Structure formats: C-alpha cells, structure tokens
J.: 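Handing you a structure now.
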Amino acid sequence: MSKADSPSKGFSSIMIIIVIVALGLSIAAFFFAANALIVTQDVIQGSYFALIGIMGLTLLTYMLIQTRKRTLSLSIQAQKVATTILCQKCGFKNLRDFQRGDFIFKEAEGCPKCNEKMMIASIYREVKKKKGKKELS
Amino acid sequence: MIPQVSQLPTGQGDVLGWIFQVAWIALIVATFIYGQRIQMTLMLREVEGSLFRLKFMRDKGRKTAISTLKELGGSETDPTDRVDRFLEYVAIQPVNLDPSGVIWRLEHILNVRDVRFKDEVKLMVPGVDEVQTNNMENMLEAALALNIIYKVIRHFYVLGKKTKSLYIIMQLQMLLPIILREAEAFSNALQAFTHGQPIGDGAGALVAAKLMHGHRAKKIAKDTVMAKLSIEGRTAYVLKAKGPGGNVGKPGEAIKQILEKNKGKIATAIVVDAALKLEGENPGEVAEGVGVAIGGPQIEKYKVEETVLKYKVPVNVVLIKEDIGDAVSTMRKEIFDAADGVIDRIKRLILERTKKGDSIIIAGIGNTIGIGQ
C-alpha cells in the first residue's frame with residue numbers, strides 16, 4: 001500500500017475562506033458592538049452588532065464540531081454474538097458469549113443435569129431495534 | 001439582516017452600508033458565475049469524507065487480515081507482503097463476444113482463482129486445517145472487496161477533480177450512500193470470517209444442516225455434502241456446502257449429479273436460499289416461489305436450469321429475506337429463527353406437490369461458515 005493513495009487530509013480552500021470570513025465578520029461585529037455600546041451608548045445598534053458577532057462565532061463552532069464528529073465516527077464496533085448450547089436429552093440450555101472454534105452442531109461439554117454430551121444449537125447476534133421509529137407495514 | 005444593520009444611523013453607517021452592499025452584489029455575481037463550481041466543491045467535500053471512511057475500512061480490513069494470519073501462523077512468518085499482494089489480485093472475465101460456452105470458461109477461471117486463493121492462504125499460514133483455510137480465504141476476500149471499493153471510488157473522485165466534471169462527481173455523490181452500506185457490510189463480515197461465525201447468507205445452508213443433522217453426509221461434489229433421508233414418506237436428498245469452514249460448494253453440480261443418478265426421477269427440487277429484502281420488509285421474512293435461487297456468478301444456477309429442463313423437473317424455491325449488511329455479517333437472531341419456519345414450509349410443499357414414495361431434492365444454498373452438518 002503506497003502512501004500516495006490516500007485522499008488529501010487538509011482543510012479545503014472553501015472551508016478556510018468560510019472560516020476566515022466568519023471570523024473576520026465576528027471580530028468586526030464585536031468591535032462595532034463595543035463601539036456602539038460604550039462610545040455612542042446606542043443599545044439597539046450595539047445589540048444588533050453583538051447578535052451578528054454571536055451568529056458568526058456559532059457558525060464557526062458548528063463547523064469545527066462537524067469536522068471533529070467526522071473524525072470520531074470513524075470506528076467499527078465489534079458485534080456481540082451469543083452461542084446457545086443445548087442438551088438434546090433433557091433440554092437444558094446454556095447461553096454464553098461466542099468463542100473462537102464454535103460452530104452450529106459442534107459437540108460441547110457434558111450436561112450439568114444429565115451428563116449427556118451437549119451440542120451447540122445456535123450462534124447469532126441480536127440487533128436492538130431503535131425506539132421511536134415507526135415503519136409502514 | 002446585514003443590509004438592515006447597514007441602514008442604522010451611525011457615524012460609520014454610510015461606509016459600512018456601502019461595504020455590505022458591495023459584498024452582497026459580489027456574492028450574487030459570484031453565485032451566478034461560480035455556482036456550479038461551488039456546488040461541485042461542496043459535493044467533492046462530501047465525497048472526500050466518504051472516501052476517508054472507505055479508506056479507514058480498507059485499512060482496518062488489511063490490519064485485521066494481517067494480525068489474524070500472524071496469530072494463526074505464529075511468529076515464524078510475516079504475511080504482510082503476501083496480504084498486500086493478495087489485496088491487488090484480479091480475475092479477468094472470459095471473452096463474451098462469442099457467448100457460446102462462456103459459462104464453462106468462467107467456471108474454469110473461478111476454479112483456478114479458488115485454488116490459487118487457498119494455496120495463498122496455505123503459504124501464509126502453513127499447517128492450518130481445511131476449516132481455517134476456508135475461513136481465512138473468506139476473510140481475505142472481504143478485505144480484497146474493501147480495497148477494490150476504495151480504489152474504484154478514489155479513481156472517480158480523482159478523475160472528477162482532474163476533469164472538473166460535475167457529472168462524474170454528482171453520480172459519485174448520489175451513489176455513495178449505497179456503496180458505503182455495502183462497504184460497511186464487508187467490514188462487518190471481517191469479524192464473522194475471522195472468528196468463523198455463521199453469516200446471514202448461510203440461512204439456506206442452516207436449513208439443510210438442520211434437516212440432515214444426525215444422518216450420514218457424504219461428499220457429492222467439490223466442497224458439497226449430501227444426506228439421504230426420509231421426510232413425510234418421501235426420499236429426500238438434502239445437500240449443502242461442507243461446513244463448518246467458509247464454503248459455498250457446488251450445489252449446481254450436486255443437483256445435476258443427483259438428477260443424473262436418478263435418471264431424472266425426482267418429483268420436485270426445493271432450493272432454499274437467502275434473498276435480498278426490499279426496504280420496509282423485515283429480516284427473516286420467508287417467501288416462496290419457483291425457479292432456481294442460487295446467487296454468485298450464475299454458473300451453478302445455469303447447471304441446475306439446464307438439468308431440470310432436460311428432465312422436466314419442477315423447481316420450487318423458499319427464500320429468507322435479509323439486507324446486504326445481514327447477508328455477510330454474523331447471522332441475526334431473526335434469520336436464525338426463520339429456519340424452523342422454512343422447514344415447516346418445505347414439509348407443506350412436499351405434502352402438496354409430491355406423493356408418498358417420491359424422491360425429492362432439497363438444496364440449502366449459501367456460505368456455510370460456522371455451520372456444521
């Protein structure tokens with residue numbers, strides 16, 4: 001695997017432009033807000049500029065959080081798999097986590113109740129359904 | 001909002017107003033001229049994000065393959081170079097300009113590929129048993145699929161970027177959600193193949209295994225076993241791929257041989273397989289029909305169709321629904337539970353479609369990884 005085959009990792013130029021513009025606008029808006037509130041003592045104008053500044057900063061924070069989210073979501077969770085061991089004679093069932101080497105119809109340990117050889121009857125994973133989702137039937 | 005603010009009465013209001021007005025007009029003009037470029041940049045950004053995810057999955061697949069092979073083979077051999085070579089492996093399709101005999105030529109190429117893959121695994125981890133060889137081959141094939149998906153998507157991404165073609169990027173961006181689902185399915189498949197867990201595709205093999213369990217199974221074709229048993233007073237030839245290693249066997253060849261040996265005196269053939277569900281359907285739903293349900297490169301399907309046509313044998317099919325993610329990842333409980341329902345359906349089909357004393361074929365299709373017999 002060569003290193004050249006990976007997509008570019010840096011921020012795109014459009015992203016940098018948006019960040020710079022939003023940051024510049026926010027700083028300018030906060031400067032005008034401070035000017036209006038302290039020098040001219042115009043509360044309405046000061047509030048408007050402060051609002052623009054807050055909006056700019058919110059946009060910046062949102063974009064940064066989005067970028068961070070993408071990095072965090074790059075993980076693959078291991079699935080939990082269960083093995084059921086069944087005694088065909090007395091019906092005793094034992095549910096445990098899957099172990100390497102397990103397969104369906106494999107002979108397992110002796111039954112704790114009747115001492116008969118047990119057998120792996122099932123191997124599966126359970127998927128929990130997401131709550132609050134209504135589906136058309 | 002900005003033009004309104006610019007109208008505010010202030011000592012700098014006029015200058016500020018002009019700046020906002022000019023910025024506003026410049027924005028409109030830029031949107032007219034560079035609208036498509038902006039759209040393309042945004043799409044490229046989205047594709048790039050997905051490409052990172054595909055690269056992550058590809059790298060994870062490669063690492064999993066290498067670490068599993070190292071674990072199995074001990075510290076004597078380092079399989080890294082061989083795995084890297086394997087991930088670039090290609091099988092070239094036969095020429096189909098003259099379609100006569102293309103099936104047999106394709107079968108030959110796939111047989112050679114299969115033998116080569118198994119030999120590669122044996123060279124990477126010498127001394128492992130047949131079950132592990134088959135599982136490792138399946139694992140490497142999943143890693144190979146992830147590598148191919150990543151490379152193809154990257155190819156179109158770079159091509160779209162180079163040619164600045166909105167249409168290449170647009171198609172890529174529209175298809176990516178489906179491609180990502182498939183890649184995630186292969187990524188999950190790695191766990192199943194590495195540990196030898198049964199997968200959703202093995203639903204048909206599971207049904208056959210449940211039917212033939214406790215009866216003597218003998219080899220009938222390459223990697224395929226068959227058991228002769230009695231169901232509802234009929235003689236049933238139940239077949240599946242040889243488990244518990246990752247195998248799909250040669251069910252078409254096996255059905256052909258049973259039909260030839262019985263000189264076509266088979267009342268019906270029942271094929272049980274996993275099938276892709278439509279969105280909105282539940283995994284584990286069962287459907288019935290007629291025809292030959294054997295996936296893959298269609299060679300086995302072709303063999304069955306040819307032979308049943310020759311002897312005019314009706315072919316029934318029972319399908320277990322699941323999506324692509326379920327098909328290659330560890331078997332879901334719903335799919336496992338569906339197997340008993342399928343057996344009931346088979347028995348009903350036998351009672352309705354055949355008479356006592358008839359002979360029938362029941363073929364459980366699919367990868368039998370993690371399923372014995």
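In this text the structure is predicted, and so the values were computed from the model without any measurement. Proteins come first, then strands; the chains are lettered A, B, ... in the order of their sequence lines, and each starts at number 1. Reckoned from all heavy atoms, side chains included, excluding hydrogens, waters and symmetry mates.
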J.: Show the numbers, then the answer: is there a side-chain contact (heavy atoms from CB on, under 4.5 Å) between B:T330 and A:F98?
T.: CA-CA 11 Å; B:T330 309; A:F98 176 88; over 6 Å; no
J.: Counting only heavy atoms not in B:Y89, do more than 12 fall under 6.0 Å of its OH?
T.: yes
J.: Please classify the contact between A:E107 and chain B as side chain, backbone, both or neither, with a heavy-atom cut-off of under 4.5 Å.
T.: neither
J.: Using a 4.5 Å cut-off on heavy atoms from C-beta on, say whether the side chain of B:R332 contacts that of A:R125.
T.: yes
J.: Given heavy-atom pairs under 4.5 angstrom as the criterion, report whether the side chain, backbone, both or neither of B:H195 touches chain A.
T.: both
J.: Rounded to the nearest 0.5 Å, how far apart are OG of A:S122 and NZ of B:K333?
T.: 8.0 Å
J.: What's the spacing between B:L206 CG and A:F105 CZ if we round to 0.5 Å?
T.: 6.5 Å
J.: With a 4.5 angstrom heavy-atom cut-off, could you sort out which part of B:D326 is near chain A: side chain, backbone, both or neither?
T.: both
J.: Should we count CZ of A:R96 as having more than 12 external heavy atoms under 6.0 Å?
T.: yes
J.: Let's go through A:R100 and B:T194 carefully: what are the C-alpha distance in whole Å and the side-chain angles of both, what is the deciding distance for side-chain contact (heavy atoms from CB on, under 4.5 Å) to 0.1 Å, and is it a yes or a no?
T.: CA-CA 9 Å; A:R100 186 175 270 188; B:T194 308; 3.4 Å; yes
J.: Do B:V131 and A:F103 have side chains that get closer than 4.5 Å, going by heavy atoms?
T.: no
J.: Select one option (side chain, backbone, both, neither) describing which atoms of B:A339 are under 4.5 Å from chain A's heavy atoms.
T.: neither
J.: Among B:A192, B:G196, B:P198, B:P283, which has the most heavy-atom pairs under 4.5 Å with chain A?
T.: B:P198
J.: Look up atom CD in B:Q373 and atom CD1 in A:I104, then write down how far apart they are to the nearest 0.5 Å.
T.: 11.5 Å
J.: Write down the atom of A:I123, the atom of B:G370, and the distance for their closest heavy-atom approach.
T.: CD1-O, 4.3 Å
J.: Looking at B:M331, B:Q197, B:Q132, which has the largest count of heavy-atom pairs under 4.5 Å with chain A?
T.: B:Q197
J.: Under a 4.5 Å cut-off applied to non-hydrogen side-chain atoms, are A:M119 and B:H213 in contact?
T.: yes
J.: If you count every heavy atom of other residues, nucleotides or ligands that lies below 6.0 Å from B:K242 atom NZ, does the total exceed 12?
T.: no
